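Data block below; observations after.
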Amino acid sequence: MSRLLIKNAKALVGTHPAGTALLRGADMGVLPTIADAWLLAEDGRIQAFGGMDTWPGITDWNDLEVIDATDRFVLPGWCDPHTHTVFAAPREGEFVDRIRGLSYQEIAARGGGILNSARRLRAMDEDTLFAQARARLEGMMHQGTVAVEIKSGYGLDLESELKMLRVVKRLKEALPLQVKATLLAAHAVPEEFKDRREAYVDLIVDGLIPRVAREGLADFVDAFCETDYFTVAEMARILEAGAAHGLKGKVHVNQFTAIGGIAAAAERGALSVDHLEVLEDADLAALAGTGTIPTLLPSCSFFLRIPYAPARRLLEAGLPVALATDLNPGTTPSGNMNLVLSLACIQLRLLPEEAVNAATLNAAAAMDLATELGSIAPGKRASLLITKPVPSLAYLPYAFGNDHLDTVIIDGKPVRNGEATA
Ligand code: NIG
Ligand code: FE
């Protein structure tokens, strides 16, 4: 049995009552903490924790790793419920084109964008894709990410989409963090289907979804519901086919235009609606009373210089908010959740407590992992962050661009050692 004991923590953060699975509206401002605390993990799971005045009488010190977290905060690891971590090549040329004045849509219309990434991905073998994505994920774990959702969507044909999802499966097996897979074949209409888009949606609905479900290659299904990409009706068809095969929806909606995707997704029980940079009152109303989680991607707004999603309006409407990086070569070449936390506070105007909840418990919920991760609760995975000595929790998003993490623990084992584990 492997055991880990953290002692003298300045505070354990995110000690929500057991069973708390999703925080909405004003509840997102509540981030329970225990000051001057200890935590015991056994076999990768949180066993018990409390204030140092309730120090557990440890009698068996064999196989017990002890970490002294004096002056350091202990948080649940970051969960990143929206990424495109598997891709073949960066697109910094498009970045320079945007500095010169072209928009994301203009670059896509010239054959750049997602279709550019698809050409490169189709040409790359599975092992190389795997090695590159693995290195990216290792970097993200170092930055505190303990769970990640990864989408396909740069294959855009049967074989290449399956290739991407096989890479995701191998990542899941090779690395200790939790990995969820999403089929995003409806990311763009591929060149060869340009004049018969319905046939491409048929291929997704009749070919890919049943095959992927049968082979256990995906947990979720996604579609880029957007002007010039996929219509609301096409996304609805894909969500319904996914649901019929046990794949919940997690969709790209309202990034550039509001075309009714949010209502259609919420009506079909989507787990999350992601982006929401453009949000109309009808979209907000459509989310009321549903279980669909708005998932915001502020690094994408930062990089593309597009509006930020109206996070405060969502909270004022009593809705939950989750955060994710959107790591991808076109709109967000960063998988750093610490930066997302800062942008959430600076640009979305979330309070630090709201942002931490959005990047942990609600982010876990946005990939169906809230019973496993996202808070410090007995029985959950001991996937935790230990900070450097910092004056307060608000200091983490405040001193943006700096690395405040010391140790990253996944399932009770350090994957990044720092001073606390030296
Ligand atoms: O989430 N918006 C659609 N998909 C990605 C961008 C993909 C790309 O440009 O390669 C996103 O921002
Ligand atoms: Fe995305």
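Both ligands and their constituent atoms are indexed starting at 1 by order of listing. Bear in mind that the values here come from a model prediction, so they are computed numbers and not experimental data.
Backbone or side-chain N, O or S atoms of His84 reach the Fe ion (ligand 2) at under 2.8 Å. Because the distance cut-off is set at 2.8 Å, Asp326 qualifies as a neighbour of the Fe ion (ligand 2) through one of its N, O or S atoms. Residue Cys300: no N/O/S atom is found under 2.8 Å from the Fe ion (ligand 2).
For Asn336 and Ser334, the side-chain atoms include no donor-acceptor pair closer than 3.5 Å.
Applying the 4.0 Å criterion to heavy atoms of His187 picks out, from ligand 1, the atoms 3 (C), 4 (N), 5 (C), 7 (C). The atoms of ligand 1 that sit less than 4.0 Å from any heavy atom of Thr331 are 6 (C), 9 (O), 11 (C), 12 (O). Near Gln255, with a cut-off below 4.0 Å to any heavy atom, the atoms of ligand 1 are 2 (N), 3 (C), 12 (O). Residue-ligand proximity, Ile114 to ligand 1, at heavy-atom distances under 4.0 Å covers atoms 7 (C), 8 (C), 9 (O), 10 (O). Residue His82 has at least one heavy-atom neighbour below 4.0 Å for each of these atoms of ligand 1: 1 (O).
Here the N, O or S atom of His252 that is nearest to the Fe ion (ligand 2) is NE2.
Contact between Tyr154 and ligand 1 is present, with at least one heavy atom of the residue lying under 4.0 Å from the ligand. Put simply, no part of Glu226 is less than 4.0 Å from ligand 1, judged by heavy atoms. At least one heavy atom of Tyr104 sits less than 4.0 Å from an atom of ligand 1.
Under a cutoff of 6.0 Å and an axis angle of 45°, Lys248 and Phe220 do not form a cation-pi pair. A cation-pi arrangement is present between Arg196 and Phe193 under the rule of less than 6.0 angstrom and at most 45 degrees off the ring axis. Within the cation-pi definition used here (under 6.0 Å to the ring centroid, within 45° of the axis), Arg349 does not qualify as a partner of Tyr308. With Phe87 as the aromatic partner, Arg136 meets the cation-pi criteria of under 6.0 angstrom to the ring centre and within 45 degrees of the ring axis.
A side-chain contact (heavy atoms from CB on, under 4.5 Å) with Glu226 is found for one member of Thr257, Val253, Thr231 and no other, namely Thr257.
Shortest contact from atom 11 (C) of ligand 1 to any protein heavy atom: Asp326 OD2, 3.1 Å.
Here Tyr104 contributes atom OH and Cys300 contributes atom SG; the two are 8.0 Å apart, rounded to the nearest 0.5 Å. Asn116 contributes atom CG, which lies 5.0 Å from atom CD of Glu94 (distance to the nearest 0.5 angstrom).
Of the options Phe303, Phe224, Phe256, the smallest heavy-atom separation from atom 3 (C) of ligand 1 is shown by Phe224.
Looking at every heavy atom in both residues, Ala382 comes nearest to Ile46 through CA-CG1, 3.8 Å.
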